[in-house]
Amino acid sequence: MLNSLFDASVWTSLAAATVAAISSILFLRSRNFLYDSLALAVTEIGLILLAAGIVAGAIAGRLTGHLWWTWDARLTTALVGFLIYAPYLMLRRAVEEPTRRAASAAVVSIFALFDLPIMALAIYWWLARRTAPAPIGVEWTILPVAALGAALAWIRFRKEQDRRSQDAERRTAQEI
Amino acid sequence: MKFLRQVATVAAKDLRAELRTKEAINASLAFALMILLLFSYTFDPEQEMMRQISGGLLWIVFAFAGTLTLNRSFARELPNDCLDALIAAPIPGSALFLGKCCASFVLVLAVELVSLPVFGIFYRVHWTGQFPWLFLILLLGTWALTIIGTIFSALTVNIKLREVMLPMLTYPILMPALMSAMRLTTSLVNGQPIPDDDFAWLKMLIGFDVVFTAVSLALIETVLVG
């Protein structure tokens with residue numbers, strides 16, 4: 001159960017990473033901040049789900065093998081994926097100017113997506129000698145987890161849009 | 001041809017500035033030697049285990065010392081608004097980027113080539129036995145480090161948390177390249193040829209270099225101009 005929750009969160013955050021990179025490319029081409037909000041929302045929710053998935057995976061390992069962390073390829077890949085995407089959010093906080101922030105974040109998102117398959121393959125090779133890695137499975141849990149992720153991302157996206165329109169109104173009010 | 005000349009001009013400018021001030025290379029070299037020394041307190045240099053982890057240790061030194069150089073790559077241009085002048089210069093952004101990459105590449109490689117004999121003396125590894133292969137891995141691994149480091153150096157140059165953000169962004173993305181370089185270096189610094197199984201890692205390292213050089217060149221205008 002916990003293991004299948006881990007699998008589901010990995011697939012969902014992988015989908016989130018893909019959506020984030022696509023909307024980042026769309027942002028860079030169109031300079032429409034709608035895409036930037038979308039990229040931010042899915043990355044944030046994807047990271048939260050992935051973190052929850054890693055915790056679930058560690059607990060599952062503890063329950064079955066009495067070890068929290070066994071360096072199995074799936075958990076390690078998920079953790080490195082988390083570390084790749086976490087600076088995305090930190091970078092957004094560090095850049096103040098909105099266009100600059102969105103463009104920098106988009107670049108990081110695109111780099112991260114290109115890195116994911118290479119990284120997963122490298123970790124698979126590295127750990128394959130020690131234990132035969134189990135493939136990441138697809139089970140029924142993926143439906144509720146993906147639905148939850150999509151709902152949360154939608155809420156986050158709407159909130160971000162609201163915040164931005166408020167910001168814009170405040171700025172116009174100040175100008176007047 | 002014109003493009004290559006522009007790249008060479010930027011690289012020569014950076015190298016000349018670095019050779020006159022020596023601000024990055026001195027720090028980088030001192031830092032590399034310091035970590036090499038510190039390792040001897042963590043691991044017993046006499047033990048056989050040292051041979052099995054030598055590649056990993058070396059690349060940790062290279063990656064950490066390299067970031068010091070890469071941090072300066074674009075930060076050097078901040079005083080007197082040199083960066084704005086460079087971006088406004090009549091050369092494509094990709095030429096500016098590749099020029100800076102080449103300069104950093106030479107500097108990082110120089111630090112590595114100095115640390116390598118020191119590492120060999122301190123830890124008694126016979127790194128000279130397979131030097132041509134080792135040099136190839138150094139070239140490929142260092143190119144991966146400089147290309148990722150330079151593009152993120154350009155990306156973070158204008159933000160306050162620059163020194164913090166650069167390693168945070170660089171190391172996770174760089175991880176596959178570092179893993180291949182570590183794996184390949186471990187057998188080479190012990191004087192053994194690359195095992196047949198490990199040629200896949202060499203391909204991965206080359207693939208990493210090609211993919212990220214292409215992605216960086218495609219995105220560099222966005223990074224520089226915003």
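Atom set for the values below is all heavy atoms of this structure, side chains included, hydrogens, waters and symmetry mates excluded. Just so we're on the same page: letters track the sequence lines, and every chain starts at 1.
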Side chain, backbone, both or neither of [X] within contact of chain A (heavy atoms, under 4.5 Å):
X: B:Val164; result: neither
X: B:Leu161; result: side chain
X: B:Thr156; result: side chain
X: B:Leu178; result: neither
X: B:Ala200; result: both
X: B:Ala218; result: neither
X: B:Met175; result: side chain
X: B:Val223; result: both
X: B:Phe152; result: side chain

- Of all heavy-atom pairs between B:Met165 and A:Pro87, which one has the smallest distance, and what is that distance? CE-O, 3.7 Å
- Item | Neighbour count >12 (heavy atoms, 6.0 Å) for atom NZ, B:Lys203 | no
- A:Trp11 atom CH2, over 12 foreign heavy atoms within 6.0 Å: no
- Query: Given A:Ile118 and B:Phe212, is the side chain to side chain contact (heavy atoms under 4.5 Å, CB included) satisfied, shown in steps?
  - Reply: CA-CA 11 Å; A:Ile118 310 181; B:Phe212 282 100; 3.9 Å; yes
- Among B:Val211, B:Thr222, B:Ile148, B:Asn158, the residue with the most heavy-atom pairs under 4.5 Å to chain A is B:Thr222
- Pairwise side-chain contact, B:Met204 with A:Trp125, heavy-atom cut-off 4.5 Å (strictly under): yes
- Message: So if I take each residue of residues 88-115 of chain A and look for any heavy atom under 4.5 Å from a heavy atom in chain B, which residues do I end up with?
- Response: A:Met90, A:Leu91, A:Ala94, A:Val95, A:Glu96, A:Arg100, A:Ala103, A:Ser104, A:Val107, A:Val108, A:Ile110, A:Phe111, A:Ala112, A:Phe114, A:Asp115
- Message: Strictly less than 4.5 Å between heavy atoms, which residues of residues 13-46 of chain A line up against chain B? Please order them by number.
- Response: A:Leu28, A:Arg31
